[in-house]
Amino acid sequence: MTRSADRRAGSDDLGLRRALDDRMLPVLVAAMAFLAALALAGSGGASALVKHWQEGAAAAVTVQVPTPSTLLPRTDGTPGQTRLDRALALLRAAPGVAQAQALSETELTELLKPWLGSGGAGTALPLPAVIQVRLTGSGPDVAALQTTLEAAVPGTLVESHGAWVQRLAVLARSLQACAWLALAVVAGVAAAVVMVGVRTGLLARRESIEIVHGLGATDGYIAGRFAARATWLAGLGGLLGALLALPVLLALATLAAPFVATPQTAAALPVSPTTLAALASAWLAQLKTMPAELLVGLPVLPAAAAIIGFFTAQATVRGWLRRLP
Amino acid sequence: MGQVANGLRDMVRLEAVGLQYERAGRPGADALRDLSFEIPDGGFRWLLGPSGAGKSSLLRLLHLAVRPTRGQLQVFGQNMSHAKRGDLPDIRRRIGMVFQDFRLLPHLSAFDNVALPLRIARLPEDQIRADAMEMLRWVGLAKLVDSRPAELSGGEQQRVAIARAVVGRPSLLLADEPTGNLDDVQAERLMLLLREMNRLGATVVVATHNEALVARHPGRQLRLAHGRLVSDD
Ligand SMILES: Nc1ncnc2c1ncn2[C@@H]1O[C@H](COP(=O)(O)OP(=O)(O)OP(=O)(O)O)[C@@H](O)[C@H]1O
Ligand SMILES: [Mg+2]
C-alpha cells in the first residue's frame, strides 16, 4: 500500500499549488521588488549626498584676514593684539561658532599650490590668514559677523557656502522623500498583486473552501493555507527582484563612488578587471562602497515581500470567508 | 419532562423553524415551514418524504450550513440564532455529514479526502494515517486510496464520502441519501456501520427514498411533505 509522493496532499489540502501557481505572482512581485531596490538606491544615494555635503558645510565659512600679523592699536593708543588674534577672538565669541582655527603656513601653501606653484611659500607675496570656522546647528548670522569683524579688523572677508549647501540638502531630502513615496506605492502595488492572485485562487477553489468550511475548518485554518502559499510566492518574487537589482545597483555605486566614497575605497577600484575572479572581487569591494541603507535594504526586500504576502492573503481570505455562515 | 431539562439532553431541538432560500437576491418560496421536534442524544431517525420535501434542507440546517429564517434551532444545546460565527467551526467538527452529492475535493485522493476532517482537527499525522486507512478498509476501498474522485465510480465516491463523515467519530451523524449509489450488499454494510455508530452513542439522522431499506431496519421516522413535518413516529 504505497502512496505515490505526487499524490500526497499533506498540507496542500486546498490544492493551492495549482490554484496559486508559481509563475505570475512571483514574477510580478519580483518586478515590484526590483523597483523597490531602485527606490532604495535613490534614497540611499540622496542621503549619502546630504551627509557628504553637510560634513562639508561644517567648514562652510572661511574668514580671510589680510596682513594678519599687524598689531591693532588699543584704545589708549598702545599696540595690542595682532589682527589675526583679534579676529579669532571675535569669531570664537560669536554665537553658532563651534571652533575657529587659522590654517597653518603649510596648509595654506598646500591650498594655494594650484595657483602659486609649489614654490609659493618661498615668495614674498603677502598672504592673508585663512580661518576655518566650524559651525554648530544653524550656524551664525553671516551678515552680522561680517559687520562686527569689519568694524574691529578692517578688510576682513567672510565667505559662506552654507546657503548653497542648504539648498542642495533640501533638494536631496526631497529626492529622498520621493524615493520613500515610490517605495510605499510599490509596496501597495505588490499588496494589490497578491490580493488579485489570492482572489483568483479563492474563486478557483470556491467549492473546496465551502466543503472544508463545512467540515469545521476555522477561517484561520483556511486563511493560513492561503497565507503560507502567498508568503512563499511573494518571498520568492522579492528574492528574485533583489537579485536582479544587485548588478544594476553595483553599477550605480561604481558611478557614484568618486563623489561619495572616501579616497581609499575609490582608489581601490580596479581600472579594467579582466578575469571573472577579478570582476567578482571588484564587485565585492564595490559592496563596501554601497550606501549602508542599501546593504540593509536589499536583503530585507524578500522578507518585506513575504510579510506583505502573508498579511494581504490573511486579510483577503478572512474578508472573503465572511460570506460563509 | 420540563423544557429546560429536556433541552439539555436533546442533541437537536427545533421550535417553529422555517427556512426560506434566496433566489437571485430575493426571498424565494419556503423550503421548510413551522418545524418543531427534537432528537435526544443518541437517538436514531429516518428522514423520509418525496423529492423536494425539504430533507436536504433540514440536514443543511442541522449541519449549520444555513441559519434558520424563523424559529429556534438548538444543536448540542446551543441556540443557533444567537451563536457567534466563531463558535460554529467547533460544533461543525462534532458533526459528520454524508452529502447527497458527495462533495469530495476533486484534487485530493480518496485517502486525503477521508483524512481531511482529521487534518482540520489538527491531529498528529500518524494517527490520521491509521484512522483514515482503517475507515477506507471498512468501506472496502483499501485498494483505491490513491484514486481521485473522478477516477472512482459513483458508489465508490459515496463510500469515500461516508468514510469521511464517520472518520472523526462525530456525535451527530447526518446522512443524505447515503445508499443512492450503493448495491444492496453495500447498503446493508453501510446500515451496519450507522447502527454501530448509533450504538456507540452517536445521534444518527438518515434521509432516504429507499423504503425497502427502512423496512429492513425499523426506526423512528420523521416524515416531511412540502417543507412541513407530517409525522414523527
Ligand atoms: N440552494 C437552494 N436555493 C433555492 N432553493 C432551494 C435550494 N436548495 C433547495 N431548494 C428548494 O427547496 C426545496 C426543498 O429542497 P430539498 O433539496 O431540501 O429537497 P429534498 O427533500 O432533499 O429532495 P430530494 O429527495 O430530491 O433530495 C425544493 O423546492 C428546492 O427547489
Ligand atoms: Mg435531497
Side-chain angles (χ1 to χ4, degrees), chain A residues 1-23 197-198 200-230 232-233 314-325, chain B residues 59-61 63-68 80 83 85-97 99 101-122 125 128-129 132-133 136-137 142-149 151 161 164-165 167-168 170 174:
Chain A
M1 225 135 24
T2 51
R3 307 200 319 110
S4 46
D6 61 320
R7 293 221 153 185
R8 200 165 300 184
S11 61
D12 190 28
D13 42 23
L14 289 174
L16 297 183
R17 264 195 292 261
R18 288 192 62 189
L20 272 179
D21 75 70
D22 52 10
R23 283 182 294 266
V198 167
T200 310
L202 281 169
L203 290 184
R205 289 289 179 262
R206 193 196 167 108
E207 267 195 60
S208 297
I209 291 167
E210 282 173 3
I211 293 168
V212 169
H213 174 82
L215 291 174
T218 56
D219 291 0
Y221 180 94
I222 297 168
R225 293 291 199 246
F226 273 89
R229 182 77 181 149
W232 156 245
L233 292 179
Q314 282 277 349
T316 308
V317 175
R318 282 173 189 270
W320 190 87
L321 284 174
R322 299 241 130 245
R323 74 191 57 202
L324 300 183
Chain B
L59 291 181
R60 223 171 275 146
L61 265 180
H63 187 229
L64 318 185
V66 286
R67 294 214 193 199
M80 287 307 130
R85 187 173 174 277
D87 295 336
L88 300 186
D90 270 344
I91 303 175
R92 286 197 189 100
R93 256 176 270 140
R94 298 162 69 189
I95 305 175
M97 172 86 163
F99 296 94
D101 52 357
F102 317 144
R103 311 203 73 188
L104 301 176
L105 298 200
H107 52 273
L108 293 188
S109 66
F111 174 86
D112 282 321
N113 264 291
V114 174
L116 198 53
L118 308 178
R119 292 224 165 96
I120 289 169
R122 299 190 196 275
E125 195 61 29
I128 292 177
R129 187 171 306 275
M133 281 311 299
L136 280 162
R137 229 174 278 130
K143 290 211 168 65
L144 294 170
V145 287
D146 282 336
S147 303
R148 300 261 163 82
E151 301 159 352
R164 186 180 67 184
V167 72
L174 310 170

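Below, read A as the first sequence line, B as the second, and so on, with proteins coming before strands; counting in each chain starts at 1.
B:Pro106 touches chain A through its side chain: at least one heavy atom from C-beta onward sits under 4.5 Å away, while N, CA, C and O do not. For a residue to count as touching a neighbouring chain, one of its non-hydrogen atoms must lie under 4.5 Å from one of that chain's; by this rule A:Ile209 does not touch chain B. Contacts between A:Arg18 and chain B at a heavy-atom distance below 4.5 Å are absent for every atom of the residue. There is no contact between B:Arg94 and chain A, counting heavy-atom distances below 4.5 Å. In this structure, no portion of B:Ile128 lies under 4.5 Å from any heavy atom of chain A. Contact annotation for B:Leu64: only backbone heavy atoms (N, CA, C, O) come within less than 4.5 Å of a heavy atom of chain A.
You'll find the side chain of B:Met80 reaches within 4.5 Å of the side chain of B:Leu88, heavy atoms only. A heavy-atom distance below 4.5 Å is not found between the side chains of B:Asp112 and B:Leu116. Under the 4.5 Å side-chain criterion, counting only non-hydrogen atoms from C-beta, A:Asp219 is not in contact with A:Leu324. Taking the side chain as every heavy atom from C-beta outward, B:Arg103 and B:Arg164 approach each other to under 4.5 Å.
Under a cut-off of 6.0 angstrom, the local environment of CZ in A:Arg323 is crowded, with over 12 non-hydrogen atoms contributed by other residues, nucleotides or ligands.
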